Engineer: 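My questions all concern the structure below.
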Amino acid sequence: MKISVAIDGPAAAGKSTVAKKVAEIKGYTYIDTGAMYRAFTWYCLEKGVDCQDEAACVALIPEVNIKLRPGHVVLCNDIDVTRQIREPRVSGNVSYIASYKDIRLFLVDQQRTMAGKHSVIMDGRDIGTYVLPNADVKIYQIASVETRAIRRYDENISKGIPCTLEEIEEDVRKRDYIDSHRAFAPLKPAPDSVLLDTSFMSVDEVVNAVIEIIDKKIQEKGGN
Ligand code: DC
């Protein structure tokens with residue numbers, strides 16, 4: 001049975017950590033849509049294009065070829081940018097890029113193609129509301145800003161990406177604001193999503209909760 005799971009929510013809510021684990025356990029393909037917006041942002045920065053200049057960024061669309069590879073590897077025009085896309089210069093600009101409708105349409109098209117082929121778990125901001133409105137399971141994962149900033153700070157430090165907690169908290173607040181106030185496909189819960197507040201939950205607890213929701217849905221659909 002082909003299943004699609006959408007996990008949306010604000011920045012650094014732990015969506016990708018949970019989605020990766022659930023994908024592994026259930027044998028689904030994990031699609032990190034944020035990585036695609038990040039890779040596009042990386043390319044703009046490499047080209048020296050101002051990320052707040054919509055026309056200049058949109059003009060780069062024909063030059064950009066983003067691929068997600070096994071092992072959570074992200075390629076942009078065949079360059080491995082897996083690490084670079086997590087750097088603060090990318091995080092600080094990605095919400096501008098993600099607010100441009102033409103760039104969203106370009107990337108959403110690829111996301112839908114990927115979801116059409118396999119059982120997927122896809123995380124982002126607009127998966128349940130726009131990319132996969134008919135997803136079998138929709139989760140809206142949240143946590144307090146403070147919790148999210150600490151989680152992202154720890155993650156960056158463990159990956160050797162230099163940052164301060166203050167810088168991360170400011171970035172998270174700024175991205176949440178831009179992501180939820182943009183005109184096209186903004187961050188918001190789908191009406192049929194399950195709200196999961198993970199502020200006081202461990203990763204395993206969240207993973208188990210998501211799997212329980214998926215299994216219930218599969219049973220309803222008559223699968224096993
Ligand atoms: O999930 P993330 O932090 O890697 O996402 C990076 C940015 O990309 C995020 O601030 C908003 C944008 N994004 C989006 O607008 N829509 C998505 N489906 C995924 C990410």
Side-chain angles (χ1 to χ4, degrees), residues 3-39 41 68-74 80-88 90-91 94-95 98 111 114-115 118-128 131-132 135-163 165 167-169 171-173 175-176 179 187 189-190 193-215:
I3 290 286
S4 53
V5 181
I7 304 193
D8 291 301
K15 302 182 295 292
S16 67
T17 307
V18 168
K20 277 181 203 164
K21 290 200 176 218
V22 172
E24 224 170 84
I25 294 167
K26 302 295 285 181
Y28 301 163
T29 300
Y30 166 56
I31 301 172
D32 178 357
T33 63
M36 299 172 77
Y37 291 97
R38 286 173 178 273
T41 305
L68 303 180
R69 288 286 174 254
H72 314 301
V73 170
V74 182
D80 185 341
V81 294
T82 312
R83 188 176 178 284
Q84 289 94 316
I85 63 169
R86 304 293 160 194
E87 287 173 358
V90 171
S91 299
V94 64
S95 285
Q111 292 157 13
M114 291 186 237
H118 315 278
S119 282
V120 291
I121 180 159
M122 195 179 274
D123 81 337
R125 305 293 187 284
D126 60 339
I127 310 305
V131 181
L132 303 176
D136 300 297
V137 174
K138 297 182 185 180
I139 311 274
Y140 196 79
Q141 188 170 328
I142 60 166
S144 68
V145 175
E146 294 75 17
T147 304
R148 290 187 281 131
I150 291 169
R151 286 179 186 166
R152 181 53 52 91
Y153 172 80
D154 288 345
E155 190 184 329
N156 279 4
I157 296 300
S158 74
K159 287 181 181 165
I161 298 170
C163 61
L165 186 57
E167 176 177 279
I168 296 285
E169 188 167 327
D171 172 65
V172 162
R173 283 184 198 277
R175 285 202 287 139
D176 286 354
D179 295 343
L187 165 68
S193 60
V194 178
L195 181 73
L196 212 52
D197 185 344
T198 69
S199 302
F200 303 104
M201 290 170 85
S202 69
V203 171
D204 284 344
E205 282 170 341
V206 183
V207 168
N208 289 337
V210 170
I211 288 179
E212 219 170 276
I213 296 165
I214 294 173
D215 287 345

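Only a predicted model underlies this, so the values are computations on that prediction, with no experimental measurement involved.
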Engineer: Name all residues meeting the salt bridge (charged side-chain N to carboxylate O under 4.0 Å, His left out) criterion together with D179; count only those two or more places apart in sequence or in a different chain, and write none if there are none.
Structural biologist: R125, R182

Engineer: I need the full list of salt bridge (Lys or Arg N to Asp or Glu O under 4.0 Å) pairs touching residues 151-160, with sequence neighbours left out, sorted by first then second residue.
Structural biologist: R152-E155, E155-K159

Engineer: Got a sec, which residues hit side chain to side chain contact (heavy atoms under 4.5 Å, CB included) with S202, two or more places apart in sequence or on another chain?
Structural biologist: D204, E205

Engineer: Taking the side chain as C-beta and beyond, is there a heavy-atom pair between D171 and P88 under 4.5 Å?
Structural biologist: no

Engineer: If I take atom CD from residue Q111 and atom CE from residue M122, how far apart are they, to the nearest 0.5 angstrom?
Structural biologist: 5.5 Å

Engineer: Between V5 and D136, is a side-chain contact (heavy atoms from CB on, under 4.5 Å) present by the stated rule, with each step listed?
Structural biologist: CA-CA 6 Å; V5 181; D136 300 297; over 6 Å; no

Engineer: Which residues pass the ring-ring contact (aromatic ring centres under 6.0 Å, His included) test with H118, not counting sequence neighbours?
Structural biologist: none

Engineer: If you measure from OG on S16 to CG on D32, what distance do you get to the nearest 0.5 Å?
Structural biologist: 6.0 Å

Engineer: Using the salt bridge (charged side-chain N to carboxylate O under 4.0 Å, His left out) criterion, which residues pair with R38? Sequence neighbours excluded.
Structural biologist: none

Engineer: Is there side-chain contact between T33 and V131, with at least one heavy-atom pair below 4.5 Å?
Structural biologist: no

Engineer: In chain order, what residues pass the side chain to side chain donor-acceptor pair (under 3.5 Å) check against S193, with sequence neighbours excluded?
Structural biologist: none

Engineer: For S91 and R86, which heavy atoms make the closest approach, and how far apart are they?
Structural biologist: OG-O, 3.9 Å

Engineer: Not counting sequence neighbours, list each pair that qualifies as a side chain to side chain donor-acceptor pair (under 3.5 Å) and has a residue in residues 138-148.
Structural biologist: K138-D192, S144-T147, R148-D176

Engineer: Given side chains that start at C-beta, do those of I142 and L195 come closer than 4.5 Å, heavy atoms only?
Structural biologist: yes

Engineer: Decide side-chain contact (heavy atoms from CB on, under 4.5 Å) for V94 and R175; before the verdict, give the C-alpha distance in whole Å, the side-chain angles of both, and the deciding distance to 0.1 Å.
Structural biologist: CA-CA 8 Å; V94 64; R175 285 202 287 139; 3.9 Å; yes

Engineer: Return the minimal non-hydrogen interatomic distance between I3 and S119, and the atom names on each side.
Structural biologist: N-OG, 2.9 Å

Engineer: For a quick test of reading the model, state the closest non-hydrogen atom pair linking L68 to V74 and the distance between them.
Structural biologist: CD2-CG2, 4.1 Å

Engineer: Quick check: closest heavy atoms across S4 and A135, and the distance to 0.1 Å?
Structural biologist: OG-CA, 3.3 Å

Engineer: Determine whether I211 and V22 satisfy the following criterion, side-chain contact (heavy atoms from CB on, under 4.5 Å), listing intermediate values before the conclusion.
Structural biologist: CA-CA 7 Å; I211 288 179; V22 172; 4.2 Å; yes

Engineer: Quick one: salt bridge (Lys or Arg N to Asp or Glu O under 4.0 Å) pairs with a partner in residues 5-14, sequence neighbours left out?
Structural biologist: none

Engineer: Under the side-chain contact (heavy atoms from CB on, under 4.5 Å) rule, what do R173 and V145 come out as? Steps first, then yes or no, please.
Structural biologist: CA-CA 7 Å; R173 283 184 198 277; V145 175; 3.8 Å; yes

Engineer: Suppose the criterion is salt bridge (Lys or Arg N to Asp or Glu O under 4.0 Å): which pairs have a residue in residues 21-31, not counting sequence neighbours?
Structural biologist: K26-D215

Engineer: Drop me the distance from E169's CD to Y153's OH, to the nearest 0.5 angstrom.
Structural biologist: 13.0 Å

Engineer: Taking all non-hydrogen atoms of both residues, which atom of A209 and which atom of L196 are closest, and how far apart?
Structural biologist: CB-CD1, 4.3 Å

Engineer: Rounded at 0.5 Å granularity, tell me how far CD1 in I25 sits from CD1 in I121.
Structural biologist: 10.0 Å

Engineer: Using the ring-ring contact (aromatic ring centres under 6.0 Å, His included) criterion, which residues pair with Y30? Sequence neighbours excluded.
Structural biologist: H72

Engineer: Does D80 have any side chain to side chain contact (heavy atoms under 4.5 Å, CB included) partners at least two apart in sequence or in another chain, and if so, which?
Structural biologist: V73, L75, T82

Engineer: Could you report the tightest heavy-atom contact between A143 and T198, atom names first, then the distance?
Structural biologist: CB-OG1, 3.6 Å

Engineer: Say you draw a straight line from CG of D123 to CD1 of I7; how long is it, rounded to the nearest 0.5 Å?
Structural biologist: 6.5 Å

Engineer: For D126, which residues count as a salt bridge (charged side-chain N to carboxylate O under 4.0 Å, His left out) partner, sequence neighbours excluded?
Structural biologist: R104

